[in-house]
Every structure is written in C-alpha cells, then in structure tokens.
Amino acid sequence: MRLLIIEDDRDTVAALVSFLSAQLFTIDAAHNAKSALELVETSQYDLIVLDVMLPGLDGISFCRQLRTQNQRVPILLLTAKDDPADRVAGFEAGADDYVTKPYERSELLARIRALLRRGDTELTEELCWGELQLDPNHCQVTYQSKPLHLTPKEYKLLELFLRHPLRVFDRQTLLDRIWSMDEYPGEEAVTTQIRGLRRKLQMAGLTSNPIETLYGLGYRLRSLPEERQDDEEMRKEGNGTLHSQSDHSQSDSTSGMDADYTAAVATIQQMWQGFQERLQEQLETLEQAIAHLTTNSLDPNLRQHAQTIAHRLIGSLGAFGIPHAAELARQIERVLNASTAVLQSESAVQLETLLQQLRCITQRSPIFAVPSSEGAGTRGHGDTEIEEDRSPRGYGDTGNREVLAASSIVLMIDDDPTMLESMQAEAPNWAVHLETASDLIGARERLQSRMPNAIVLDLTSSNTTESGLTLLAQLKRQFPTIPVVVLSGQGDLSKRVEVARLGANAFLQKPAMPSEVFQVVTQLLNPIEAIAAKLLIVDDDSVLLTRLQANLEPRGFQVTTLADPTLFWQFLEVTCPDLLLLDVSMPGFNGIELCQVVKSDPHWSQLPVLFLSAHSDASTLHQALAVGADDYVLKPIVEADLIQRILKRLGQLSDSFTVGKSRP
C-alpha cells in the first residue's frame with residue numbers, strides 16, 4: 001500500500017513516515033500543495049494523509065481541488081484544528097476522515113486501514129495462494145500455518161502480486177509501487193528482492209514458485225498449480241543451493257520483521273534527539289512572547305509567530321507519541337488565539353504555567369515503541385505522564401499458542417526461587433519480559449517505578465496470607481484494568497470465593513507449571529478474538545472519552561471517540577464500528593435519537609448499542625430499551641464491568657457477521 005503524507009512540519013512528517021513505514025506501508029511526503037499535486041499526477045496512491053494548514057493552498061482547498069479533478073483516492077485530514085466548523089468544511093470538501101492532533105497512533109493506523117478497506121484497493125482480511133497466506137491487517141505471512149520472516153520490500157512485493165493475480169508488473173512499475181520517492185534504486189534492486197522472496201518461499205517448503213518471470217515483460221503471480229513442480233527455476237534463483245527449514249529459521253529469526261520494527265524505533269529515537277534542539281528554540285520563542293505579554297508589550301508579529309509554533313508543536317509532539325505534551329501546546333495556542341481584550345497580563349500567568357509543564361514533560365526521554373501491526377497500542381502506566389505504545393508481537397517458536405506482545409511486562413510476586421527461575425526460563429517462549437519480587441515490599445517498589453501488563457501473585461509469598469490478600473485488594477482498587485493471577489496452595493471453595501470477591505482475574509492452585517501460568521496470562525490479555533473489534537463512543541464529556549479510550553485500547557479494542565453528536569453519521573460511516581456506545585444526554589442530538597436513527601436504517605439496524613448514562617430512573621431506561629438498545633450502563637462507569645458487557649455483546653455477533661470486518 002502506497003501512502004502520500006502532505007504536511008509542512010518536517011518533524012511531524014519524519015515521525016509519521018517512520019511509524020507508518022514500520023507498518024509496511026510505502027510512504028511519500030510533500031510539504032506543500034504544489035509538490036503534492038505533482039506527486040498525485042505522476043504516482044498512484046492508495047490513501048492521502050493531508051494537513052489542513054499548509055503554506056499557499058490550504059489542505060481543505062487542496063482536497064476540494066483533487067475532487068474536482070475526479071481524484072477518488074481516500075483522503076484523511078490530519079490537523080490541529082478541532083473546531084466543528086473545520087470538520088464540516090473538511091467533509092464537505094470531499095475528505096473521507098478527519099483526525100485531530102494530538103492523536104493516538106493506534107487510532108490513526110486503525111482509521112487508515114478502515115479507509116483502505118472502503119477504497120478501491122480493498123484491504124481484505126487475508127490473501128491466499130494455496131497454503132501461502134498473507135494477512136495485511138497483521139502484516140503476517142504464513143505457509144501451512146508457519147510464519148515466514150520477510151523483509152519489508154519482500155512483504156510488499158508478495159502483497160502486490162497476491163492483490164493483482166495474473167497482472168504483469170515490469171521492474172519500473174514495481175519500483176514506483178514498492179519504493180518511496182526518497183529511495184533511488186536501480187532495476188537490479190527489484191531482481192534482488194524477487195530472488196530473496198523466492199528463496200524464502202522455497203525454504204519455507206513451497207514446491208512451486210508462485211512468482212512467474214515473463215522475460216522482456218516483468219513478473220506476475222503464477223496460476224495456482226494442481227500438483228505441478230517447478231523446482232528448476234527455484235533452484236536457479238537460489239544459486240542451486242537448497243536449505244532445510246531449520247536452517248531457514250536459524251538464519252532469519254534475528255533478521256526478519258522484528259528487526260525492522262526495532263530499527264524503526266531506533267530511527268524515531270534519533271529523530272527525537274535531533275528534534276530537541278529545534279524544540280528548545282521554539283520554547284524560548286514562546287517564553288519571549290510570554291515575557292512581552294507580562295509587560296503588555298507583545299508585538300502582533302511575535303504573537304502570530306508564537307501561535308504558529310504552538311500549533312505546530314501539537315502535531316510534532318503528538319507524532320512523537322507524547323499526547324499530553326501536545327495537549328499543553330494546544331492550550332497555549334488557544335490562550336494566544338484569544339482576543340486582544342482578553343489577552344492580558346493574567347493570561348501570562350496561565351501561559352507560564354503551561355510552558356513550565358511543557359518543558360518538564362519534554363525534558364524526559366519518552367519511551368518509543370512501534371505499535372503492533374494489529375493497531376492495538378498499549379498505554380504506559382509508569383510514573384511519567386508520557387504515554388507509550390507496545391512493540392510488535394514476537395515470532396517465538398510457540399506452536400499454535402497465542403503469543404503476547406514482545407514488550408508485555410509481567411510482574412511475579414513469589415519467594416520461591418525455584419519457581420521464579422522456572423518462570424524466567426519459560427518467559428521468552430511467550431515473548432514476555434518477566435519482572436520478579438520476592439516480597440510485598442519489593443513488589444510495591446516495582447509498581448511505583450513501572451506498571452506491568454499483568455501480575456502473578458502468590459498469596460503465601462514471604463509474608464502472611466492476609467498480607468497477600470491486602471496487596472490484591474490494593475492492586476484491584478488502584479489498577480482495576482490490570483489482570484491479576486493468584487497462586488495459592490489452598491484451593492477450597494472459601495478461599496476461591498475470598499479471592500474472587502477481591503477482584504482477582506484468575507485463580508491457580510499450586511503447584512502450577514510455568515506454561516500453565518503464562519497460558520492463563522495470555523488468555524487474560526487476549527480474552528477472545530472479538531477484542532479486536534472497533535468501538536465508536538459518542539459522549540459530550542471529553543474527559544470521560546479520554547478515560548474510556550485509555551482503558552479500552554490496551555485491551556486491543558480499536559476505539560474512536562466523538563464529543564460532537566452532530567458529526568455522528570459521518571463518523572459512523574467512516575469507522576464502520578462493530579459496537580456503538582452512546583451517552584443519553586447530549587446537546588444537539590441525544591443518544592435516544594441517535595439510536596433510533598441507527599435502528600431505523602436497514603444497513604445499521606443490527607449494530608449493537610450500549611447506552612452510557614447517569615440517569616437511573618426507570619422511564620429513561622425503558623425509553624432506551626424501547627428504541628433498540630442492547631444494554632444500559634450507569635455512570636460512574638466501572639471499566640471492568642463495561643469491558644465484560646462489551647465482550648458479551650460482541651460474543652453474540654458470531655452468527656451474524658465476523659467481528660473486525662467492515663460491514664457490507
């Protein structure tokens with residue numbers, strides 16, 4: 001898939017290019033509408049990511065110009081302008097989606113994939129050539145259910161051939177589709193990548209070469225043979241050398257797609273270091289503007305320059321995965337945008353506080369990691385305010401077992417050194433980073449420095465059973481969304497009930513094998529396939545939306561939030577959610593009315609709807625159920641209860657459609 005990013009802030013572009021390239025997209029970038037138009041006229045793109053505030057022709061006008069030229073490529077507007085009027089103008093100009101900065105990278109990736117699914121180049125669930133399968137949503141290639149480790153270029157070539165069977169691609173076309181404009185390879189690069197791809201397919205066990213060479217023309221996907229052998233060409237391309245599957249696994253395990261993700265993270269870290277110098281200059285300019293404002297001598301030009309800096313910081317800091325810092329920049333921009341009568345010395349105090357917080361956050365080194373290809377980013381829970389994404393899933397030798405994300409952190413609290421040693425030995429097989437604590441004091445110290453994804457707690461560890469239960473109660477009270485697996489030598493009913501009352505997510509009676517413990521942790525972090533579902537939450541309480549998104553996305557949900565119900569229909573059609581969550585009381589259109597609209601449309605009538613409401617009276621509840629609501633959740637919302645209700649509703653969908661796929 002080839003994407004064009006149009007953005008004038010080079011730091012934002014650099015971060016976006018690295019992030020999306022790690023998702024195996026081919027990326028071109030333009031910094032103004034003129035150069036972007038030249039690229040659109042000479043290259044074929046599957047999607048355009050377009051900033052609104054561009055030098056010269058603005059993004060909305062550029063979008064309108066493309067549509068008047070009958071360009072049907074999907075367009076996603078990515079901007080710091082969050083006014084509803086700007087959203088309406090964007091959609092009326094022909095945009096297919098509108099994302100405001102700062103944004104969650106996992107949400108941006110989910111929206112891009114949603115647009116690609118709806119575009120002419122359909123992002124299907126799976127592409128197959130016999131037992132060779134490519135999953136574009138997870139960026140995985142398997143043969144006979146065993147993973148193949150391909151380089152990004154090899155993966156893109158295979159995906160292109162599978163998407164266009166029997167179509168002949170010459171080398172120049174492949175260069176245009178697979179390599180970005182910033183790369184300048186010769187046609188021999190295509191030959192090299194094709195040779196490498198064929199060799200890896202051969203070593204994986206394919207007896208027939210799926211890629212056919214048409215001499216003088218190019219390459220195409222061969223028709224699927226019945227039982228035809230084509231070893232000769234495979235042998236020639238492989239220089240006459242055949243390798244066993246074990247040789248392949250050993251040689252490629254450290255150089256496959258995981259290495260590419262790691263390289264992408266390293267690239268983002270380097271860009272962050274380079275960005276620091278420019279960031280300090282920008283912060284100093286903001287500081288100068290605030291100083292002049294304090295003495296009522298703020299020059300209009302300096303004020304405009306400071307506004308521009310704050311606006312660009314929203315995008316660049318958000319692109320680097322620091323949304324809280326980006327939100328501070330947005331608040332600074334809003335204060336500077338106030339009318340001259342309002343912008344007085346009192347505003348300087350507010351700006352000084354915001355700038356001090358911004359400096360504090362940006363002085364820390366954010367933890368960079370590229371989200372998994374599933375698009376399910378995980379928020380960090382450490383003592384910093386910088387949010388982080390988890391790195392991609394590993395490819396360990398785990399058979400048919402489901403593997404946790406490579407950066408999943410599990411804290412085990414146990415004073416049995418033999419058990420801890422066994423768990424440490426087993427952890428790599430599940431792609432888990434295991435941290436240990438031999439007593440409750442050490443456990444609390446660990447929890448203060450970094451929050452794990454899951455906790456394994458031995459109730460009899462070091463201290464008394466009561467102390468273990470006390471820690472369990474504290475954990476579930478402070479961090480209700482973190483799964484806790486309890487180990488206990490006592491398995492009677494009264495003990496199990498006591499543990500369940502305190503909120504433990506799983507109970508294992510000792511002795512328990514390490515593989516058994518990790519299996520339970522895996523099931524808790526990946527409850528069911530439905531957890532990859534797309535949710536649309538509509539509520540005018542932006543604080544609640546932020547909190548719900550923070551709690552649902554680490555569970556794997558693809559969450560889209562909307563605070564303005566007047567934009568509901570556009571968001572509904574763009575996101576194609578698997579489940580809808582509606583607030584009852586909202587300005588403009590209330591949740592009852594929106595539910596009626598959904599249920600009265602044959603296209604959406606089967607979409608499950610959950611109401612979120614502070615109204616506990618029987619009349620409102622009956623009214624919600626009467627218009628077709630599937631569930632009714634009272635505020636304040638208990639996230640653990642909400643997740644169970646969502647999973648319950650999604651679990652009822654298997655007979656009607658597959659969760660995670662776009663609706664027809």
**OP:** Take Val73 and Val40, measure what side chain to side chain contact (heavy atoms under 4.5 Å, CB included) needs, and give me the verdict at the end.
**Re:** CA-CA 10 Å; Val73 57; Val40 171; 5.6 Å; no

**OP:** Name the orientation class of the two ring planes belonging to Phe571 and Phe91 (parallel below 30°, tilted from 30 to 60°, perpendicular beyond 60°).
**Re:** perpendicular

**OP:** Take the angle between the ring planes of Trp569 and Trp604 and call it parallel below 30°, perpendicular above 60°, tilted in between.
**Re:** perpendicular

Looking at [X] and [Y], what are the two nearest heavy atoms and their distance?
X      : Y      : answer
Cys63  : Ile75  : SG-CD1, 3.7 Å
Ile6   : Ala36  : CD1-CB, 3.4 Å
Ala310 : Ile332 : CB-CG2, 4.1 Å
Leu579 : Ile646 : CD1-O, 4.2 Å
Thr100 : Lys81  : CG2-O, 3.9 Å
Pro587 : Asp540 : CD-OD2, 3.5 Å

With the side chain counted from C-beta on, respond yes when [X] and [Y] share a heavy-atom pair under 4.5 Å apart, and no when they do not.
X      : Y      : value
Leu66  : Ile48  : yes
Thr561 : Glu104 : no
Asp299 : His292 : no
Leu108 : Leu76  : yes
Gln282 : Thr285 : no
Asp51  : Thr12  : no
Arg111 : Tyr98  : no
Thr560 : Lys534 : no

Subject >> Listed once per pair and sorted, the salt bridge (Lys or Arg N to Asp or Glu O under 4.0 Å) pairs that draw on residues 58-67, sequence neighbours left out >> reply: Arg67-Asp96

Is it the case that the side chain of [X] and the backbone of [Y] share a donor-acceptor pair, with hydrogens and angles ignored and the cut-off at 3.5 Å?
X      : Y      : value
Asp583 : Met586 : no
Asp28  : Leu4   : no
Gln331 : Leu328 : no
Ser18  : Ala15  : no

Atom pair [atom1]/[atom2] of [X] and [Y] - distance to nearest 0.5 Å:
X      : Y      : atom1 : atom2 : value
Leu581 : Leu552 : CG    : CG    : 7.5 Å
Thr308 : His311 : OG1   : NE2   : 8.5 Å
Leu567 : Arg87  : CG    : CZ    : 6.0 Å
Ile592 : Gln596 : CD1   : CD    : 7.5 Å
Asp539 : Leu545 : CG    : CG    : 5.0 Å
Phe25  : Leu47  : CZ    : CG    : 8.0 Å

More than 12 heavy atoms of other residues, nucleotides or ligands under 6.0 Å from [atom1] of [X]: is that the case?
X      : atom1 : value
Gln356 : CD    : no
His31  : NE2   : yes
Phe589 : CZ    : no

Subject >> Sequence-distant partners of Arg10, salt bridge (charged side-chain N to carboxylate O under 4.0 Å, His left out), two or more places apart >> reply: none

Original post:
What pairs with Lys599 under salt bridge (charged side-chain N to carboxylate O under 4.0 Å, His left out), at least two apart in sequence or on another chain?
Top reply: Asp630

Subject >> Partner of Leu580 under side chain to side chain contact (heavy atoms under 4.5 Å, CB included), chosen from Leu607, Ile537, Thr575 >> reply: Leu607

**OP:** Would you sort out whether Leu20 and Ile5 count as a side chain to side chain contact (heavy atoms under 4.5 Å, CB included), showing the intermediate values?
**Re:** CA-CA 10 Å; Leu20 293 174; Ile5 299 174; 4.0 Å; yes

**OP:** Could you go through the side chain to side chain contact (heavy atoms under 4.5 Å, CB included) check for Glu352 and Thr294 one step at a time?
**Re:** CA-CA 10 Å; Glu352 286 176 350; Thr294 304; 3.9 Å; yes

Original post:
Would Asp86 and Thr79 count as a side chain to side chain contact (heavy atoms under 4.5 Å, CB included) if you check the C-alpha gap in whole Å, the side-chain angles of each, and the deciding distance to 0.1 Å?
Top reply: CA-CA 10 Å; Asp86 295 315; Thr79 176; over 6 Å; no

